[in-house]
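These notes concern the structure reproduced below.
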Amino acid sequence: MSARRSAIHFTVNGERRAVQAPPMKRLLDVLREDLRLTGTKEGCGEGECGSCSVRMNGELVNSCLVPALQAEGAEIQTVEGLALDGRLHPLQQAFLERGGAQCGVCTPGMLMAAAQLLDHNAHPTLPEIREALAGNLCRCTGFIRIFESVVAAAAAKMDERASEAVLEQAHNAR
Amino acid sequence: MSSNATTRIVGAPVPRKEGINKLLGRAQYVDDIERDGMWHGAAVRSAIPRGTIRSITYDPRIDWSELAVVTAADVPGENCIQLKVADQPCLADGKVNHCEEPIVLLAHPDKHKLGQAVAAVRIEYDPLPPVFTIEESERQDRIVWGENNLLESFLLEKGDVDAAWAEARQIVEGEYRTGAQEHLYIENNGMIAEYSAENGVTAWGSLQCPYYVFKALRGVFGLPEEKVRVVQTETGGAFGGKEDYPSILACHAALLAMKCGHPVKMVYDRMEDLAVTTKRHPSRVRHRTALNGEGKLLAMEIDLATDGGAYATLSSTVLSRATLHAAGPYACPNVRVRARSWATNHVPYGAFRGFGAPQAIFAMERHMDEVAAAIGLDPVELRRRNFLHQGDTNASEQLMREPVILDRLLDRALAESDYHAKRARFSRENPARTVKRGMGIAAFYHGSGFTGSGEVYLNSLAGVDVTPAGQVRVLVSNTEFGQGTNTILTQIAAEALGVDYSDVAMAAPDTAMVPNSGPTVASRTSMVVGRLVERASLQLVAMLREHAGLGAGYTRDEFLAACERQRAAHGEVRSLCRYEAPPGISWDDENYHGEAYGAYAWAVYVAQVAVDMVTYSAEVEEFWAVQEVGRVLNPVLAAGQIEGGVAQGIGYALYEKVVVENGRMANNQMTNYIMPTAEDVPPIHVYFEEIPFHHGGFGAKGIGELPHDGPAPAIVNAIRDATGIGFRAIPLLPEDLFARLASQESVEEPAAL
């Protein structure tokens with residue numbers, strides 16, 4: 001890889017960041033090495049396993065296939081950005097309670113893929129969940145408990161929204 | 001005995017102990033760890049399967065003074081990674097016996113320059129003719145290992161097989177084969193090592209068995225115990241693939257660290273991991289079975305052979321488990337199992353979940369369906385007539401002292417899967433359909449813990465302590481790699497100590513801190529180590545009652561106060577227990593006779609399969625797994641173990657093919673080594689029948705390996721049910737189905753042309 005470095009600016013988990021990196025350096029390595037965000041994992045380095053999945057400008061990407069320069073100006077979310085204000089994301093809570101994570105290496109990518117799904121489809125069917133997670137390999141769970149976790153998280157998010165709506169109604173009615 | 005008592009924490013679906021860190025992305029796997037001044041290491045490997053090394057030259061365009069270069073000549077102790085036999089060098093010295101055998105190690109601070117240097121080492125060889133198959137090896141016209149290529153052989157004899165053939169109403173023969181299988185843990189093998197003359201070697205890495213790596217480092221460096229330390233980092237899946245291999249990688253990283261004076265990290269990428277690390281042993285199993293007129297087994301003669309690869313590694317112990325599972329969970333008066341593991345010039349095969357049992361059970365359970373067809377009996381009925389029951393002896397003449405509930409497991413599996421009704425419906429519907437469906441079954445058992453006297457030799461030591469800060473800790477060398485060790489052992493300790501689950505943590509998996517409670521293999525953690533932790537915890541409570549004024553009923557604070565009184569009087573609060581064999585256990589290693597395992601887990605699995613006669617793809621549509629594994633310590637984790645094992649078993653049967661060309665894995669990428677994805681795994685229904693085992697941790701037996709044993713034969717039996725063809729080899733890919741089914745169709749339906 002060329003030693004020539006470029007300044008790359010982007011937003012990661014809501015924070016503006018700048019790194020000096022070779023333009024063709026993999027986004028995965030920029031996150032892990034330059035920003036020390038090691039939650040994102042490498043499983044295969046060729047876009048097959050999905051362990052390095054992150055969200056970039058609202059899309060789910062394999063960060064091992066994204067050159068750093070392509071991330072210029074991008075909004076990126078990694079597993080470290082899922083929990084907000086010390087509260088687990090409903091997916092993290094559901095994976096914890098329902099056995100969605102075993103060895104944990106596919107988990108960050110799996111969570112990002114599942115978060116991407118739920119943001120676009122609040123109540124996915126089982127076939128939709130299977131399709132959305134088909135690019136993320138898990139060797140431990142046989143996926144069954146991951147599916148259950150996603151269903152549970154969707155239900156929890158609905159509850160959350162419902163309770164927010166109730167609060168809003170209550171607020172408006174006052 | 002506590003195993004029958006009501007429990008607060010054991011049996012509850014408490015969340016995974018280290019789960020939060022994994023979900024937040026905070027868990028520290030080896031590649032997430034940096035050490036000051038760390039360099040990166042790599043291996044230069046054999047390009048040929050067998051030969052002598054003529055020369056090693058270093059391209060002068062590289063500034064070699066920037067690199068650490070290590071060869072066999074730099075090994076300070078024994079150039080040998082010894083598991084059972086001292087045959088495998090840490091670095092090849094003058095000759096190579098398989099492709100990818102490590103010859104030269106390099107380290108550099110910059111990964112990119114390291115890669116250039118690896119490409120700049122030229123190794124010339126004088127090739128020797130290799131051996132690549134069991135058949136070539138057993139012909140022995142080319143000797144590639146020892147005096148006769150034979151890595152190990154066992155002979156198990158029960159009754160008089162030779163006399164039984166004359167009494168037989170029918171004799172059925174069959175040959176079955178299984179392929180290699182890759183573990184495909186998502187985290188590749190990796191290790192960081194440091195060396196100093198003062199402190200010796202420290203290795204941190206992704207591994208199952210800290211004390212195996214400890215032993216390997218001691219040998220390769222010739223160091224005393226106090227100069228070697230091994231620490232397991234968070235480990236991203238293992239399945240046996242991090243049982244023996246990490247010993248090699250740790251020695252490599254440590255040799256480089258000694259040479260360059262810096263910490264050295266070696267983390268394989270996927271292509272290297274697939275090409276160079278161990279896989280499941282390929283097997284060939286021949287059955288010859290005698291039956292009487294009532295469908296009862298009279299005699300079983302089983303010839304079992306495995307390809308062990310170029311070095312002995314764990315082939316003998318894998319063969320041992322294969323031998324002891326070869327005759328299945330059946331009562332048969334006359335059994336002979338002749339098992340041999342043959343050397344070839346393949347990358348050495350190693351431990352993989354099930355450890356020889358999946359190979360043996362594939363053959364046994366496929367053969368049962370062939371026997372049933374040959375004698376015109378329903379495959380379910382044939383099994384039922386021959387099941388082991390309490391009071392029977394199995395093939396090694398171990399008396400089944402504990403309850404055996406195979407009939408109950410079978411009934412439940414049939415009922416839950418609606419087996420008979422579905423089979424009848426499919427056989428009605430199939431002739432008119434291009435997608436043909438079938439139901440298949442497999443019945444099996446899996447021995448928990450080390451074989452025979454293995455647990456006695458291991459002499460495991462485990463326990464609990466309480467730190468001055470009031471932290472209760474489990475002290476074991478058993479490791480977490482996704483299967484739940486941390487959770488179940490802290491559940492057991494919390495239960496037995498009468499404190500909360502959140503009060504108990506695992507001590508760091510660090511040989512400087514924890515006793516040797518044996519390796520994390522062989523479905524032994526829940527049963528053997530769990531029982532040690534339970535005993536040590538009860539012993540601590542008794543100690544506190546006797547010496548530290550702990551009352552009969554106590555609160556958490558009273559418990560910790562008693563611990564502090566104990567500490568004031570004795571300096572520490574610590575309780576350790578050593579393994580004690582259950583009474584009446586005897587094993588004859590010479591004759592493969594006696595109590596092979598402390599306990600067996602039992603299972604009946606059912607697969608529903610659809611075979612598309614246009615695309616020739618076979619798909620598992622639904623799967624039912626019914627088992628008895630003793631007490632279930634954590635229902636969520638236990639079901640997760642079964643589901644994950646079944647998914648791996650589906651891959652073993654239908655997807656996962658290791659393509660080897662001239663001794664080298666040709667498909668060493670996730671792009672073309674295919675495992676089941678979220679879209680391939682069917683609904684998996686998991687059921688437990690619980691019978692507490694009194695010598696296991698709170699009644700537990702082993703669970704981890706069991707679920708890999710049954711899926712492959714159940715699936716291929718279902719394909720037989722769907723298509724009428726009894727396939728005898730796995731993996732069974734669409735091209736294999738096409739080869740048989742297409743020709744069968746053209747034979748059967750000439751009029752249609």
Side-chain angles (χ1 to χ4, degrees), chain A residues 1 3 32-33 36-51 78-83 88-89 91-93 95-111 113 126-127 129-147, chain B residues 13 15-16 18-29 31-34 112 183-188 234-239 267 269-271 480-484 634 636-637 639-648 650-651 669-671 675-681 683-684 686 707:
Chain A
M1 193 173 296
R32 289 179 52 84
E33 295 170 6
R36 295 299 298 153
L37 291 170
T38 56
T40 304
K41 305 301 182 193
E42 174 168 355
C44 68
E46 55 174 344
E48 283 292 332
C49 77
S51 301
T78 71
V79 69
E80 288 92 344
L82 265 187
L88 292 181
H89 186 281
L91 277 165
Q92 291 169 314
Q93 187 65 39
F95 271 60
L96 185 64
E97 288 169 2
R98 290 167 188 271
Q102 288 191 22
C103 86
V105 166
C106 77
T107 308
M110 198 67 78
L111 288 169
L126 188 55
I129 294 172
R130 286 177 179 274
E131 188 187 353
L133 302 183
N136 291 75
L137 298 181
C138 170
R139 191 59 156 170
C140 295
T141 62
F143 301 98
I144 306 295
R145 257 141 237 284
I146 292 175
F147 303 152
Chain B
R16 171 175 290 278
E18 77 292 350
I20 282 275
N21 282 339
K22 287 176 172 174
L23 288 157
L24 291 171
R26 288 181 188 161
Q28 293 283 290
Y29 300 81
D31 202 20
D32 303 335
I33 296 168
E34 299 280 324
H112 178 60
H183 309 85
L184 220 70
Y185 32 69
I186 305 294
E187 182 209 24
N188 292 314
E234 198 72 66
T235 294
F239 315 112
V267 174
D269 65 16
R270 182 61 61 182
M271 289 185 76
E480 172 69 49
F481 35 90
Q483 82 289 38
N634 183 315
V636 169
L637 267 60
Q641 281 285 288
I642 300 301
E643 290 152 2
V646 167
Q648 283 184 349
I650 292 170
Q669 287 175 277
M670 280 184 168
T671 311
M675 63 162 268
T677 71
E679 291 201 284
D680 303 314
V681 171
I684 301 169
V686 178

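Atom set for the values below is all heavy atoms of this structure, side chains included, hydrogens, waters and symmetry mates excluded. Here is how names work: the chains are called A, B, and so on, in the same order as the sequence lines, proteins then strands, and each is numbered from 1.
Here the side chains of A:R139 and B:P676 are in contact, with some heavy-atom distance below 4.5 Å. Between A:V79 and B:L24 there is no side-chain heavy-atom pair separated by less than 4.5 Å. Looking only at side-chain heavy atoms (C-beta outward), A:T141 and B:E643 stay at 4.5 Å or farther from each other.
With a 4.5 angstrom heavy-atom cutoff, B:Q669 touches chain A via backbone and side-chain atoms both. The part of B:Q28 that comes within reach of chain A is its side chain, from C-beta onward, which places non-hydrogen atoms under 4.5 angstrom from that chain. Neither the backbone nor the side chain of B:A238 comes within less than 4.5 Å of any heavy atom of chain A. Contacts between B:N634 and chain A at a heavy-atom distance below 4.5 Å are absent for every atom of the residue. Looking at A:I146, neither its backbone nor its side chain comes within 4.5 Å of chain B, counting heavy atoms on both sides. Heavy-atom distances place no part of B:V646 under 4.5 Å from chain A, backbone and side chain included. For B:I684, the parts lying near chain A are the backbone and the side chain together; criterion is any non-hydrogen pair under 4.5 Å. Looking at B:T671, both its backbone and its side chain come within 4.5 Å of chain A, counting heavy atoms on both sides.
A donor-acceptor distance shorter than 3.5 angstrom exists from the side chain of A:Q92 to the backbone of B:L23, with no hydrogens or angles considered.
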Note to self: Please determine whether side-chain contact (heavy atoms from CB on, under 4.5 Å) holds for the pair A:K41 and B:I186, giving the CA-CA distance in whole Å, both sets of side-chain angles, and the decisive distance to 0.1 Å.
What the structure shows: CA-CA 9 Å; A:K41 305 301 182 193; B:I186 305 294; over 6 Å; no
Next item on the list: Please step through salt bridge (charged side-chain N to carboxylate O under 4.0 Å, His left out) for the pair B:D32 and A:R32, ending with a clear verdict.
Entry: CA-CA 8 Å; B:D32 303 335; A:R32 289 179 52 84; 2.8 Å; yes
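Across every non-hydrogen atom of A:F143 and B:T677, the tightest pair is CE1-C, 3.4 Å. The two residues A:C103 and B:G237 make their nearest non-hydrogen contact at CB-N, 3.2 Å. Shown here for B:A639 and A:R145, the closest heavy-atom pair between the two residues is CB-NH2, 3.1 Å.
For the atom pair CZ of A:F95 and CD1 of B:I20, the computed distance is 13.5 Å after rounding to the nearest 0.5 Å. To the nearest 0.5 Å, atom CE of residue B:M675 and atom CG of residue A:L137 are 4.5 Å apart. Summarising the geometry, atom CG belonging to B:L184 is positioned 11.0 Å from atom SG belonging to A:C138; distances are rounded to the nearest 0.5 Å.
The candidate from A:P127, A:A101, A:P108 with the greatest count of non-hydrogen atom pairs under 4.5 Å with chain B is A:A101. Ranked by heavy-atom pairs under 4.5 Å with chain B, the list A:G81, A:C44, A:G99 is led by A:C44.
Electrostatic pairing of B:R270 and A:E46 does not count as a salt bridge here, judged by no charged N lying under 4.0 Å from a carboxylate O.
Taking A:R98 as the reference, A:S149, A:A152 meet the side chain to side chain contact (heavy atoms under 4.5 Å, CB included) condition, with sequence neighbours excluded.
Here the options are B:Q483, B:Q641, B:K22, B:E480, the test is side-chain contact (heavy atoms from CB on, under 4.5 Å), and the partner is A:Q102; only B:Q641 passes. No option in B:F481, B:F239, B:Y185 other than B:F239 meets the side-chain contact (heavy atoms from CB on, under 4.5 Å) test with A:C140.
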